[in-house]
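Read through the structure below, which is laid out as structure tokens, and then see the notes.
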Amino acid sequence: MAKSESRPGPVSPDPWTPILAELLDGLGTAARATGVDAERGVLESLLDLEGGPQGDVALPVHRLAASSRRAAPTLASDIARAWVPSPSIESVSADGAFVNFRVSTVRLATETLSRIAARGERYGGQDGPGPKAIIEHTSANPTGPLHVGRVRNGIIGDTAARVARAMGESVTTQYYVDDLGRQAAMITWIWSKPRDQWPTEIATASAEPPPPARDDVRYGRPYPFVSAYLKDHPEARADLAQLVQAIEEGHGPPLHRELAEKILAGMLATLARINIRFDTFVWESSLLTDGSVDEVLRRLNGLPSSITEANGARALDLARYGLPKESSRVVYQRGDGTSLYVTRDIAYHLKKMRAAERVVDVLGQDHRLHARTLDAFFGELGEEHRPTFIIYQDILAHGGGRMSTRGGSAVWLDELLDDAVRRARREVLDRWEGIEPAEVDRIAEAVGTGAVRFHILRIAPEKPVAFDWEQALSFEGRSGPFVQYSYARAGSILRKSQMSEFYEGYDPSLYTSDSEKALVRVLARLPRVLRGVLRTSHVQNVAGYAHDLADEFNRFYHAVPVLSSGAERTSRLALVAAAHQTLGNVLDLMGIERLERM
RNA sequence: GGGCGCGUGGCCCAGCCUGGAUAGGGCACCGGGUUCCUAACCCGGCGGUCGAGGGUUCAAAUCCCUCCGCGCCCGCCA
């Protein structure tokens, strides 16, 4: 029987919650009736919410059968037979060792549409206040324009941040700017000389780019050649070492910070094209000036396990944290007393861990050992709170191999975006006569950048990928534009309906076709998908869901008429409105522009 | 050499954490669909036993072991 539990407090944002509760009630009763006394939690953990070929929810009874010494198929049919009819569950049947439940579309549609109507932009997520989270991503050194290999980091991090925010967390995104190392110093080194005094190798190789060039392109230009030049010019290396030291001691030339800021601004402009922006920037040098590095050094030096090396350098042996033997002894303070990258990174993370309950770093696989080292340090320092690392593999150059600026295998992100936008522009012009020029620009930019962002997002971070120009620029099938297109299609129907309120007077019992039933089911799935993404950081599933939803909406679109339908018109419009809202929410989560027309 | 990650139809991927019913998509290819809400779409077809081998289990793409291939890391660099 239906238990109309009086649940105080807000209703669950997940339409499945009340239905599952009812299903579990019934299941407990049916199981007991057949002599199986399983706890509700056990039954819940056994349920397969993806359903199966026979229904919406499946229960494999093997384990229950084993513990009650029954034959699985017999138990399955016994449970199905003992099932007491319940309003949310349309049918229960046994098939082999499985009990299959078909959920009432009317019930599911009611729960789902009422939530979409009530929550609107917030459908799919949860209400706060959740924990405070700091998500650090991208953090590329300000040495020149971003290439495609680096942007995977930003797309993963930005999407994770959007999802966390939707799930009620109070999120701050951070970019850690490395202004202390040799890399940034090389740029200062070369630009502090008048151009006519540059070594000829560098000057000829890095000719001034044409005027409209942004600062990241312009000031980053000589960087790879400086790097090459230093290899066989020891006197320049000595020069640079002095500069690095001066910067670390806080009296580097003002030009240093200026250049870093200019180049960074250029990089950020590129990221903004794919809707990646940051709440805060933490400059590595600030950790030296605000004393946090000193504090870390004091704490580490006070550890009984701290080792002093021959020349006075200090290290920790972290072998007991499972670090490989060859890299378990980690120096954290140089012989001259200065700090190292790890030390500053420890300081940075301690700071983040004090400010937030959840600290997430998005790191390339070359930082895997570094992440483990940090974790070991925190163990040694007795820190209980630890960061979460999302590790991703590089996007390799076309034939394989890392993207290299000097080798010419790097694909600049701006170049890729420009190409995508050009292609999108052709498509728009082909399909839409008489469109305003400004409108073409706007749509082409949204479609092109959306395609690129989706293309990178859809692949699991840990998967190595080789960059493929053709695939990155695809606008069909599993792509960003496909999702945008579906959103626009839905919007177009709503517009033509001339209505403004879609969730009044609809009747879910009219959703009788397969495509309507299927659409209701995908819509209902979003809250569960987002909980999974938050838990596992599998951001690719946002793209996967977006495609499933778009796919199902298009099937519905072709299968049943909306505006020209009779009695079903109002109800179908409600479904279209729900799909439109949900597609839009998912586009937001992916950082892809919503387009009302395309 | 050691550590970590990846290996699913011709190509690109999801599923692996928390093992369950004939392994899901997309691209490409073949055949259809537009007097009708946007054909960046839809319908149908072809095609894989999940790198190889062993193990655990009633049940393995999923867990464990060995091997092979590819990538990354193993600095008083960042």
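Residue numbers begin at 1 in each chain, while the letters A, B, ... track the order of the sequences.
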Under 4.0 angstrom between [X] side-chain N/O and [N] OP1 or OP2:
X: A:R402; N: B:C73; answer: yes
X: A:S492; N: B:C37; answer: no
X: A:R368; N: B:C74; answer: no
X: A:K463; N: B:G7; answer: yes
X: A:R478; N: B:C13; answer: no
X: A:Q471; N: B:G26; answer: no
X: A:R555; N: B:C43; answer: yes
X: A:N100; N: B:A21; answer: no
X: A:R63; N: B:A59; answer: no

Taking atom [atom1] in both [N] and [M], what distance in whole Å separates the two?
N: B:G45; M: B:G5; atom1: C1'; value: 38 Å
N: B:G19; M: B:G75; atom1: C1'; value: 43 Å
N: B:A21; M: B:A61; atom1: C1'; value: 15 Å
N: B:G51; M: B:U8; atom1: C1'; value: 10 Å
N: B:A59; M: B:G54; atom1: P; value: 16 Å

Review point. B:C77, B:C73, B:C13: which one has an atom nearest the side-chain heavy atoms of A:I459?
Key: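 The listed nucleotide nearest to A:I459's side chain is B:C13.
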Review point. Counting side-chain heavy atoms from CB outward, which of B:G5, B:C74, B:C76 is closest to A:S327?
Key: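 Out of B:G5, B:C74, B:C76, the nucleotide with an atom closest to A:S327's side chain is B:C74.
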Check your understanding: Reckon A:G96 touches a base, only the sugar-phosphate, or nothing at all at heavy-atom distances under 4.0 Å?
Key ->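 Result for A:G96 = nothing.
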[N] pairs with which nucleotide, Watson-Crick or G-U wobble, both distances below 3.5 Å?
N: B:U57; value: none
N: B:C74; value: B:G1
N: B:C37; value: none
N: B:C16; value: none
N: B:G44; value: B:C30

Practice item. Kindly write out the residues that satisfy salt bridge (charged side-chain N to carboxylate O under 4.0 Å, His left out) with A:R572, not counting sequence neighbours, or none if the list is empty. Key: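 A:R572 satisfies salt bridge (charged side-chain N to carboxylate O under 4.0 Å, His left out) with A:E516 once adjacent residues are dropped.
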Review point. Would A:H547 count as stacked on B:G25 if the rule is ring centres under 5.5 Å and plane angle under 30°?
Key: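 Ring-base stacking flag not set for A:H547 and B:G25.
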Point to revise | ring centroid sep under 5.5 Å plus plane angle under 30, A:F98 with B:A21 | key: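 Here the ring of A:F98 and the base of B:A21 are stacked, with centres under 5.5 Å and planes under 30°.
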Practice item. Begin with the C-alpha distance, continue with both residues' side-chain angles, and end with the deciding distance and a verdict on ring pair (Phe, Tyr, Trp, His ring centres under 6.0 Å) for A:F475 and A:H455. Key: CA-CA 10 Å; A:F475 296 165; A:H455 173 72; over 10 Å; no
Practice item. Taking atom CD of A:E39 as the centre, report whether more than 12 heavy atoms of other residues, nucleotides or ligands fall under 6.0 Å from it. Key: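 No.
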Check your understanding: Is A:R489 close enough and on-axis enough to A:Y557, meaning under 6.0 Å and within 45°, for cation-pi?
Key ->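 Yes.
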Exercise for review: Please confirm whether A:R257 makes a cation-pi placement over A:W283, using NZ or CZ under 6.0 Å from the six-membered ring centre and within 45° of the ring normal.
Suggested key: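 That pair qualifies as a cation-pi contact.
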Review point. In whole angstrom, what separates A:R152's CZ from B:G5's C1'?
Key: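 In whole Å, B:G5 C1' and A:R152 CZ are 12 Å from each other.
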Review point. Nearest-Å distance, OH (A:Y485) to C1' (B:C37)?
Key: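 Spelled out: OH on A:Y485 to C1' on B:C37 is 11 Å.
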**Study point:** A:H349 ring center within less than 6.0 Å of A:F377 ring center
**Key:**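 Between A:F377 and A:H349, the centre distance exceeds or equals 6.0 Å.
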Check your understanding: With nearest nucleotides of RNA chain B determined for A:H367 and A:E476 from heavy-atom distances, which residue corresponds to the more 5′ nucleotide?
Key ->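 Checking each residue's closest nucleotide, the 5'-ward one belongs to A:E476.
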Practice item. Nearest-nucleotide wise, let me know which of A:I443 and A:Y341 is further upstream toward the 5' end of RNA chain B. Key: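 Its nucleotide being nearer the 5' end, the pick is A:I443.
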Point to revise | Result of checking A:L575, A:V560, A:D514 against A:L519 for side-chain contact (heavy atoms from CB on, under 4.5 Å) | key: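 Among A:L575, A:V560, A:D514, the one meeting side-chain contact (heavy atoms from CB on, under 4.5 Å) with A:L519 is A:L575.
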Check your understanding: Do A:N311 and B:C76 share a donor-acceptor pair, side chain to base, under 3.5 Å?
Key ->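 Flag set: donor-acceptor pair detected.
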